[in-house]
Amino acid sequence: MTSLTISPGKALRGRISVPGDKSITHRAIILTGLAEGTTTIKRYCRGADCLNTMRALQSLGVKIDESVDEMRVYGKGLWGLTEPDGIVDCGNSGTGIRLLTGLLSGQDFFSVLTGSASIRRRPMGRVVKPLREMGASIAGRKGGELAPLAVTGTTLRAITYASPVASAQIKSSLLLAALFAKGTTRLSEPRLSRDHTERLFHFYGLPLKREGTTLIMEGRPSVGWTAAPELTVPGDLSAAAFFIVGATIVPGSDVTLSGVGINPTRTGLLEVMDRMGADIQLLNQREEAGEPVADIRVKSAPLRGVTIGPELIPQTIDEFPILCVAAAVADGETLITGAKELRVKESDRIATMATELRAMGAQIIERPDGLVIQGIGKSKENGRLRATSGQSHGDHRVAMSIAIGGLTASTESVIHDTDCIGTSFPDFGCKLLELLTDGR
Ligand code: S3P
């Protein structure tokens with residue numbers, strides 16, 4: 001088990017790039033695998049989660065060559081996947097297992113999907129139930145609520161489904177199933193979750209429409225789609241988030257993050273940080289593979305507490321661990337409500353962040369669906385958390401958040417069990433060091 005030592009006292013300065021977007025990388029691997037022809041995916045996320053999805057597609061017969069810089073996917077066409085001869089291991093990835101379960105439900109072969117101990121505790125009924133309505137034959141522990149999941153692929157039928165949760169994993173799983181289903185599938189969700197699948201479907205000209213809040217997908221298109229020779233994945237805003245908050249809360253910082261995705265279904269953090277008083281500029285805005293991208297410049301600034309309600313949860317969902325750190329050093333109270341989905345992420349992020357930040361001197365009350373955080377504020381400890389010997393709880397975003405919190409302390413912190421950082425951001429430590437070295 002590895003640990004990460006954080007030595008505070010320096011500002012964060014300089015320009016860095018962050019890994020390619022994890023959500024888009026999963027989707028790009030799947031959709032280029034189903035395309036006719038070869039695609040080079042550039043700036044893909046090399047986190048373990050996405051490499052597991054790559055191996056999953058390889059086990060389904062898709063040839064993929066990979067180097068540090070790019071992945072070359074030799075698409076097999078819409079109906080070209082073949083039965084895997086072993087278990088498909090999705091590692092720690094909720095996105096991987098849920099999207100692949102949708103995809104595999106409509107194939108004419110048998111497959112078994114599983115993942116890490118954490119994945120085997122996370123809810124799968126949310127995709128299994130609607131997929132069964134489409135006619136999928138899926139068996140799993142606790143009646144299909146938990147992985148491993150055994151999928152006997154079949155001819156699916158289209159359904160009309162109103163998801164009770166705003167979840168891009170549910171939506172994308174069902175869209176991938178709908179692609180292979182007979183008829184017209186209609187999907188809605190209580191609030192718009194990240195729309196990367198929709199954007200990629202449109203990029204490839206797939207028959208997907210939106211009418212109001214409903215997505216309408218024609219299944220079994222008569223022709224598949226031709227591979228675009230090259231697809232560049234935008235930088236991951238959820239990875240950039242650690243440095244956006246870090247540069248804000250460490251005095252004297254000035255950081256530019258190049259080529260970061262700013263899809264509006266993902267930018268809740270920017271909106272919240274703006275309301276808290278952060279100094280963030282979006283520069284050089286452009287579009288890549290149907291996704292908006294910008295360079296993000298952040299300078300340190302004092303923060304104030306804010307209220308974050310249910311309407312902002314989907315577009316901020318992965319940023320709550322690091323937002324809790326921002327709230328913990330801000331002036332005044334931050335109230336987060338309507339966020340019970342945080343309890344079923346890689347860890348129960350309401351509980352794990354409350355535990356870790358309390359150990360660093362923050363005052364936090366846990367609620368079933370959120371948190372109340374009394375910020376330390378400049379007037380008391382000069383906005384400083386206490387150094388910690390913290391735990392990741394096996395959750396990459398918790399580990400990186402505590403690391404950033406540790407930068408405000410007056411002495412060294414150690415975060416234990418940090419292997420998990422590799423699931424999304426293997427060179428987080430190097431990038432942080434790069435910024436701290438520039439900040440000497
Ligand atoms: C993701 C969707 C979100 C997010 C996860 C990635 C995706 O999960 O938290 O990290 O790529 O679709 P939910 O769909 O469960 O909200």
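Remember, it's a predicted structure, so these values are computed and weren't measured experimentally. Indexing begins at 1, ligand by ligand and atom by atom, following the structure's order. All heavy atoms count here, side chains included; hydrogens, waters and symmetry mates do not.
- For the side chain to side chain donor-acceptor pair (under 3.5 Å) condition, the pairs that include at least one residue of residues 121-147, sequence neighbours left out, are R126-E341.
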List ligand 1's nitrogen or oxygen atoms that come under 3.5 Å of a protein nitrogen or oxygen, with the partner atom and distance.
{"unit_1": "ligand 1", "atom_1": "8 (O)", "unit_2": "Q169", "atom_2": "NE2", "d": "3.4"}
{"unit_1": "ligand 1", "atom_1": "8 (O)", "unit_2": "K345", "atom_2": "NZ", "d": "3.0"}
{"unit_1": "ligand 1", "atom_1": "9 (O)", "unit_2": "D318", "atom_2": "OD1", "d": "2.6"}
{"unit_1": "ligand 1", "atom_1": "9 (O)", "unit_2": "D318", "atom_2": "OD2", "d": "3.4"}
{"unit_1": "ligand 1", "atom_1": "9 (O)", "unit_2": "K345", "atom_2": "NZ", "d": "2.7"}
{"unit_1": "ligand 1", "atom_1": "10 (O)", "unit_2": "D318", "atom_2": "OD1", "d": "3.3"}
{"unit_1": "ligand 1", "atom_1": "10 (O)", "unit_2": "D318", "atom_2": "OD2", "d": "2.7"}
{"unit_1": "ligand 1", "atom_1": "11 (O)", "unit_2": "S23", "atom_2": "OG", "d": "2.6"}
{"unit_1": "ligand 1", "atom_1": "11 (O)", "unit_2": "R27", "atom_2": "NH1", "d": "2.9"}
{"unit_1": "ligand 1", "atom_1": "11 (O)", "unit_2": "T95", "atom_2": "OG1", "d": "3.3"}
{"unit_1": "ligand 1", "atom_1": "12 (O)", "unit_2": "R27", "atom_2": "NH2", "d": "2.6"}
{"unit_1": "ligand 1", "atom_1": "14 (O)", "unit_2": "S167", "atom_2": "OG", "d": "2.6"}
{"unit_1": "ligand 1", "atom_1": "14 (O)", "unit_2": "A168", "atom_2": "N", "d": "3.0"}
{"unit_1": "ligand 1", "atom_1": "14 (O)", "unit_2": "Q169", "atom_2": "N", "d": "2.9"}
{"unit_1": "ligand 1", "atom_1": "15 (O)", "unit_2": "K345", "atom_2": "NZ", "d": "3.2"}
{"unit_1": "ligand 1", "atom_1": "16 (O)", "unit_2": "K345", "atom_2": "NZ", "d": "3.2"}

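- Looking at V18 and F242, their side chains never come closer than 4.5 Å, going by heavy atoms from C-beta outward.
- Counting heavy atoms from C-beta on, the side chains of F428 and L4 come closer than 4.5 Å.
- Applying the ring-ring contact (aromatic ring centres under 6.0 Å, His included) rule to F201 yields no partners; only residues at least two apart in sequence or on another chain are considered.
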In residues 314-321, what donor-acceptor pairs under 3.5 Å come from side-chain atoms, sequence neighbours left out?
{"unit_1": "T316", "atom_1": "OG1", "unit_2": "L312", "atom_2": "O", "d": "2.6"}
{"unit_1": "D318", "atom_1": "OD2", "unit_2": "R194", "atom_2": "NH2", "d": "3.1"}
{"unit_1": "E319", "atom_1": "OE2", "unit_2": "S238", "atom_2": "OG", "d": "2.8"}

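- Atom CG of L208 sits about 11.5 Å away from atom CG of L200, to the nearest 0.5 Å.
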